[in-house]
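Working notes for the structure below.
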Amino acid sequence: MKPARLHAPGFDLKLTLESGQVFNWHTHDDGFVGLIADRPARIEQRDDWLFIEGVTPETVVHHFALDHPMAEILDSFPEDEAMRAATAACPGLRIMRQPMWECLGTFITSSMKQVPHIRKMSAAVRELWGVGVDSPWRPLFSYPTPDKLASASEADLRACGLGFRAPNLLGTARMISEGSVKLDQLASLSDDEARAELCKLPGVGEKVANCVLLFSCERMAAVPIDVWIGRVLREKYFVRKRKVTASRLRDFADSYFGPYAGYAQQFLFHHARTTARKKCRDNVRINTSPLPHVH
DNA sequence: CTCCAGGTTCCGG
DNA sequence: CCGGAACATGGA
């Protein structure tokens, strides 16, 4: 496929790929390499232009949701200080359109893990049971199908470092494989119905279900509430309130942020994480600075 | 060595 | 309904 160029003003490839919604892209020189629908792709951004190899620009537009109405989305957010700071910090961040099964599988393994760990576990699962895809840039592996994964053993998955998540991923793969939950039927359900259906799967609770709805089902109102978002909501919207329960947070998130609440969540999430990392670096600097000697 | 990480599930008030 | 605890693993 011929290399192509795509004008993508207001889009930030690096920010989008490193915002914790997707775990299977690799840096390659000044660009990124990964699979889109099992086709190897290399994308590099220079200013407002994307340089694309391996797939069509149309594929990139769809996968990275370059067609999302960002002006309308930003306009729909509530006006408060936390949202203003978060949106200002995240220009160009898009919520991608991921394949459902892969999104579900990786987020099942995400519980109590940091992003780099999730990437590592996911890579191990791909390399053991996925299909190797020829790529000019680096070896790539598709995410194994439910059928393929269903044939693995729990011990196999534990060997990938999944720990207690192994039986969850395995059990979910088996249920999808048997057809007791049908992912391709979710589209016809309401948000609540689809969420309930996903929650039938082992290892899938509200948070993971909402990740799947938001990142792979175009349900822009779905708000995954993890520890980070929980912290942000408590600090910014429940100031000095005692004992804000999880269901209270969920009700608030569902009613306050509007039709694109999932986008609001992703901006708040990324902003919280980046400012926390900065704070962490500052602390390290302070702690490692030489102590004054007292004689 | 200790602490905690994009949670879920089960159990006892 | 709500709070606690167990659940593996690895990196800081």
Side-chain angles (χ1 to χ4, degrees), chain A residues 15-25 86 90 93 95-96 98 102-125 153-172 175 181 195-216 222-235 238 241-251 253 261-288:
Chain A
L15 177 62
T16 297
L17 287 178
E18 295 179 350
S19 67
Q21 59 179 309
V22 69
F23 307 97
N24 66 319
W25 286 78
C90 301
L93 174 52
I95 289 179
M96 298 165 56
Q98 292 184 52
E102 177 176 336
C103 181
L104 172 59
T106 51
F107 274 103
I108 283 174
T109 65
S110 75
S111 75
M112 301 297 300
K113 277 292 178 190
Q114 297 178 329
V115 171
H117 297 156
I118 303 168
R119 297 178 60 91
K120 198 168 291 183
M121 290 183 293
S122 167
V125 168
S153 72
E154 188 180 317
D156 289 336
L157 287 172
R158 281 182 187 269
C160 294
L162 294 199
F164 65 84
R165 306 157 194 81
N168 292 336
L169 181 57
L170 186 57
T172 291
M175 285 181 69
V181 169
R195 184 166 24 245
E197 197 62 16
L198 285 165
C199 286
K200 290 179 183 172
L201 298 163
V204 181
E206 291 239 341
K207 192 271 176 183
V208 170
N210 279 328
C211 284
V212 174
L213 291 178
L214 178 62
F215 299 137
S216 68
V223 180
I225 300 180
D226 65 347
V227 289
W228 289 92
I229 294 300
R231 264 199 290 267
V232 170
L233 296 182
R234 285 190 171 91
E235 284 174 14
F238 294 85
K241 293 279 199 308
R242 290 279 147 192
K243 300 207 181 222
V244 184
T245 65
S247 69
R248 186 94 178 75
L249 289 181
R250 188 170 44 71
D251 289 344
Y263 251 105
Q265 170 275 156
Q266 193 65 9
F267 286 6
L268 290 169
F269 174 77
H270 187 264
H271 182 51
R273 283 173 56 86
T274 48
T275 54
R277 264 199 293 276
K278 181 186 179 313
K279 227 178 280 180
C280 186
R281 281 199 304 273
D282 291 346
N283 287 338
V284 168
R285 246 197 305 280
I286 292 164
N287 293 335
T288 55

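Proteins come first, then strands; the chains are lettered A, B, ... in the order of their sequence lines, and each starts at number 1.
Of the candidates dG6(B), dA8(C), dG3(C), dA8(C) carries the atom nearest the Phe164(A) side chain, counting heavy atoms from C-beta on. For Trp228(A), taking side-chain heavy atoms from C-beta onward, the closest of the listed nucleotides dC2(C), dA8(C), dG6(B) is dG6(B). Here the nucleotide nearest the side chain of Lys120(A), chosen from dG7(B), dG11(C), dG3(C), is dG11(C). The side chain of Met112(A) has dA8(C) as its nearest neighbour among dG6(B), dA8(C), dC2(C). For Lys113(A), whose side chain is taken as the heavy atoms from C-beta onward, the closest listed nucleotide among dT9(C), dG6(B), dG7(B) is dT9(C).
Among the protein residues, Arg165(A) comes within range of the nucleic acid bases, having at least one heavy atom under 4.0 Å from a base atom. Residue contacts for Ile108(A): at a heavy-atom cut-off of 4.0 Å it reaches no nucleic acid atom on any strand shown. When heavy atoms are screened at a 4.0 angstrom cut-off, Thr106(A) is found touching no nucleic acid atom at all. Residue-level contact check: Gly20(A) touches the bases, meaning some heavy atom is under 4.0 Å from a base atom. Here Leu214(A) lies out of heavy-atom contact (under 4.0 Å) with every strand.
Nearest-nucleotide positions on DNA chain B for Gly203(A) and Gln114(A) put Gln114(A) closer to the 5' end. Sequence order on DNA chain B of the closest nucleotides to Gln266(A) and Pro202(A) puts Gln266(A) first from the 5' end.
The interatomic distance linking Lys243(A) (NZ) with dC2(C) (P) rounds to 11 Å, in whole Å. The CE atom of Met121(A) sits 15 Å away from the P atom of dA5(B) (whole-angstrom rounding). Atom CG in Asn168(A) sits about 13 Å away from atom P in dG7(B), given to the nearest Å. Summarising the geometry, the separation between NZ on Lys207(A) and P on dT9(B) is reported as 13 Å, rounded to the nearest angstrom. Atom-to-atom, CD of Glu206(A) to P of dT9(B) comes out at 11 Å; the value is rounded to the nearest Å. When rounded to the nearest whole Å, the span between CD1 of Ile118(A) and P of dT9(C) equals 16 Å. If you measure from atom CG of Leu169(A) to atom C1' of dT8(B), you get 14 Å, rounded to the nearest angstrom. Put simply, CG on Leu249(A) is 16 Å from P on dC1(C), counting in whole angstrom units.
The pair Glu235(A)-Arg231(A) does not meet the salt-bridge criterion, since no charged nitrogen lies less than 4.0 angstrom from a carboxylate oxygen.
Between the side-chain ring of Phe269(A) and the base of dG6(B), a stacking contact exists by the 5.5 Å and 30° definition.
Across the P atoms, dC2(C) and dG6(B) are found 26 Å apart, a figure rounded to whole Å. With P as the reference atom, dT9(B) and dG10(C) are 23 Å apart, rounded to whole Å.
With hydrogens and angles disregarded, no donor-acceptor distance shorter than 3.5 Å links the side chain of Ser122(A) to the backbone of Ile118(A). Looking only at distances, no side-chain donor or acceptor of Thr172(A) sits under 3.5 Å from a matching main-chain atom of Leu169(A). In this structure a side-chain-to-backbone donor-acceptor pair under 3.5 Å is present from Gln21(A) to Met96(A).
Phosphate contact (OP1/OP2 of dC2(C), side-chain N/O of Ser247(A), threshold under 4.0 Å): present.
Contact between Ser110(A) and Lys207(A) at its shortest, heavy atoms only, is OG-NZ, 4.3 Å. Of all heavy-atom pairs between Phe267(A) and Cys90(A), the closest is O-SG, 3.7 Å.
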